[in-house]
Amino acid sequence: DARVTQTPRHKVTEMGQEVTMRCQPILGHNTVFWYRQTMMQGLELLAYFRNRAPLDDSGMPKDRFSAEMPDATLATLKIQPSEPRDSAVYFCASGLGLAGYTGELFFGEGSRLTVL
Amino acid sequence: EDQVTQSPEALRLQEGESSSLNCSYTVSGLRGLFWYRQDPGKGPEFLFTLYSAGEEKEKERLKATLTKKESFLHITAPKPEDSATYLCAVPSLSNAGGTSYGKLTFGQGTILTVHP
């Protein structure tokens with residue numbers, strides 16, 4: 001059963017600490033997205049990768065967020081230093097090349113981050 | 001800037017009571033509209049893609065329709081297991097270094113609760 005795997009599922013940390021979230025996309029998918037979901041803002045796109053190259057990271061606060069794909073089976077989202085306003089659920093999604101046009105994104109179960 | 005508005009924010013139905021959810025959009029040239037279902041503690045799950053006005057898609061008790069200004073998700077004779085948040089999204093055509101891609105804008109969602 002192919003699925004997107006995210007770790008950790010839950011993370012509680014203190015302000016100023018580094019947080020790293022990991023995502024294993026579905027094998028064969030070459031498009032990876034990072035989204036953040038909050039009650040106030042809903043789902044916001046943070047980063048968009050195709051074939052491991054970043055196409056769009058305009059939704060990320062550049063001073064503290066970074067996203068990478070070290071290889072085709074791993075995407076990472078790092079926050080350093082973390083702040084309470086970063087508390088949210090972070091979703092990774094993967095799809096085939098045209099997923100942004102077809103809408104056929106496969107989401108992971110999310111990483112719930114709480115920054116105290 | 002593309003905008004997506006969903007209504008109502010929340011909808012409570014009795015089992016068997018049919019109804020519709022609305023997704024209205026403001027985009028510069030519609031390139032598709034997508035519907036997703038999100039269960040509590042899970043990531044969104046892709047349901048439908050609609051590309052042109054007049055198009056309809058069905059899946060079990062769900063039918064999605066599209067006009068030039070809005071989309072409806074009709075739920076016929078719902079069951080408690082249909083309870084979830086339903087999200088719609090539209091893609092914006094974007095370009096990065098000569099590579100075009102679709103960047104999704106999500107609505108805030110409609111929380112559907114079906115009582116037995």
Side-chain angles (χ1 to χ4, degrees), chain A residues 1-6 9-10 21 23-26 29-60 88-112, chain B residues 1-6 9-10 23 25 27 29-52 55 57 59 64 66 71 73 84-111:
Chain A
D1 184 26
R3 58 176 180 161
V4 174
T5 303
Q6 290 186 245
R9 289 295 315 280
H10 302 274
M21 288 168 275
C23 167
Q24 181 175 5
I26 292 173
H29 283 184
N30 65 338
T31 304
V32 172
F33 308 79
W34 282 105
Y35 281 92
R36 175 171 62 185
Q37 187 174 41
T38 61
M39 288 293 292
M40 292 299 295
Q41 300 297 326
L43 273 166
E44 302 173 282
L45 179 67
L46 297 176
Y48 186 142
F49 288 82
R50 185 184 293 171
N51 297 324
R52 296 176 54 201
L55 283 183
D56 192 320
D57 61 1
S58 59
M60 279 199 319
V89 181
Y90 291 82
F91 287 104
C92 174
S94 72
L96 296 174
L98 298 179
Y101 294 114
T102 66
E104 293 186 62
L105 279 61
F106 294 80
F107 284 80
E109 296 198 324
S111 293
R112 180 175 294 275
Chain B
E1 185 177 318
D2 294 349
Q3 291 192 332
V4 180
T5 304
Q6 294 189 243
E9 289 185 11
C23 172
Y25 55 87
V27 298
L30 183 67
R31 294 172 183 83
L33 187 140
F34 316 130
W35 281 98
Y36 301 84
R37 169 190 170 128
Q38 186 174 20
D39 292 304
K42 305 287 187 181
E45 176 187 352
F46 171 74
L47 291 174
F48 303 113
T49 297
L50 301 166
Y51 283 115
S52 56
E55 188 175 357
K57 293 278 181 71
K59 181 178 182 179
L66 182 66
S71 177
L73 185 65
T85 296
Y86 291 86
L87 299 161
C88 66
V90 295
S92 303
L93 182 62
S94 302
N95 188 284
T99 300
S100 64
Y101 59 97
K103 185 172 176 178
L104 271 61
T105 300
F106 282 87
Q108 291 285 82
T110 293
I111 303 170

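Predicted, not measured: the structure shown is a model, and the values here were computed from it. Lettering of chains follows the sequences in order, A, B, ..., and the numbering in each one begins at 1. Hydrogens, waters and symmetry mates play no part in the numbers below; they use all other heavy atoms, side chains included.
Checking side-chain atoms of T49(B) against main-chain N and O of T102(A) turns up a donor-acceptor pair under 3.5 Å. When atom types are taken as modelled, the side chain of E104(A) and the backbone of F48(B) share no donor-acceptor pair closer than 3.5 angstrom.
Minimum heavy-atom separation, G100(A) to P91(B): O-CB, 3.3 Å. When every heavy atom of S58(A) is checked against every heavy atom of K103(B), the shortest pair comes out as OG-NZ, 3.0 Å.
Both the backbone and the side chain of L105(A) come within contact range of chain B, judged by heavy atoms closer than 4.5 Å. In this structure, chain A has a heavy atom under 4.5 Å from the side chain of Q38(B), while its backbone stays farther away. In this structure, chain B has no heavy atom under 4.5 Å from any part of Q6(A). Heavy atoms closer than 4.5 Å to chain B are found in the side chain of Y35(A), but not in its backbone. Looking at T38(A), neither its backbone nor its side chain comes within 4.5 Å of chain B, counting heavy atoms on both sides. Looking at Y101(A), both its backbone and its side chain come within 4.5 Å of chain B, counting heavy atoms on both sides. Heavy-atom distances place the side chain of R50(A), and not its backbone, under 4.5 Å from chain B. Proximity to chain A is limited to the side chain of Y51(B), based on heavy atoms less than 4.5 angstrom apart. For chain A, the nearby part of L87(B) is the side chain; its heavy atoms alone come within less than 4.5 Å.
More than 12 non-hydrogen atoms from other residues, nucleotides or ligands lie less than 6.0 angstrom from CZ of R9(A). Annotation for K42(B): atom NZ does not count as buried by contact number, only 12 or fewer foreign heavy atoms lying within 6.0 Å.
Between F107(A) and F46(B), the gap from one ring centroid to the other reaches at least 6.0 Å.
You'll find the side chain of P44(B) stays beyond 4.5 Å of the side chain of Q37(A), heavy atoms only.
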>> Test side chain to side chain contact (heavy atoms under 4.5 Å, CB included) on L104(B) and F33(A); report intermediate values, then the result.
In response: CA-CA 10 Å; L104(B) 271 61; F33(A) 308 79; 5.6 Å; no
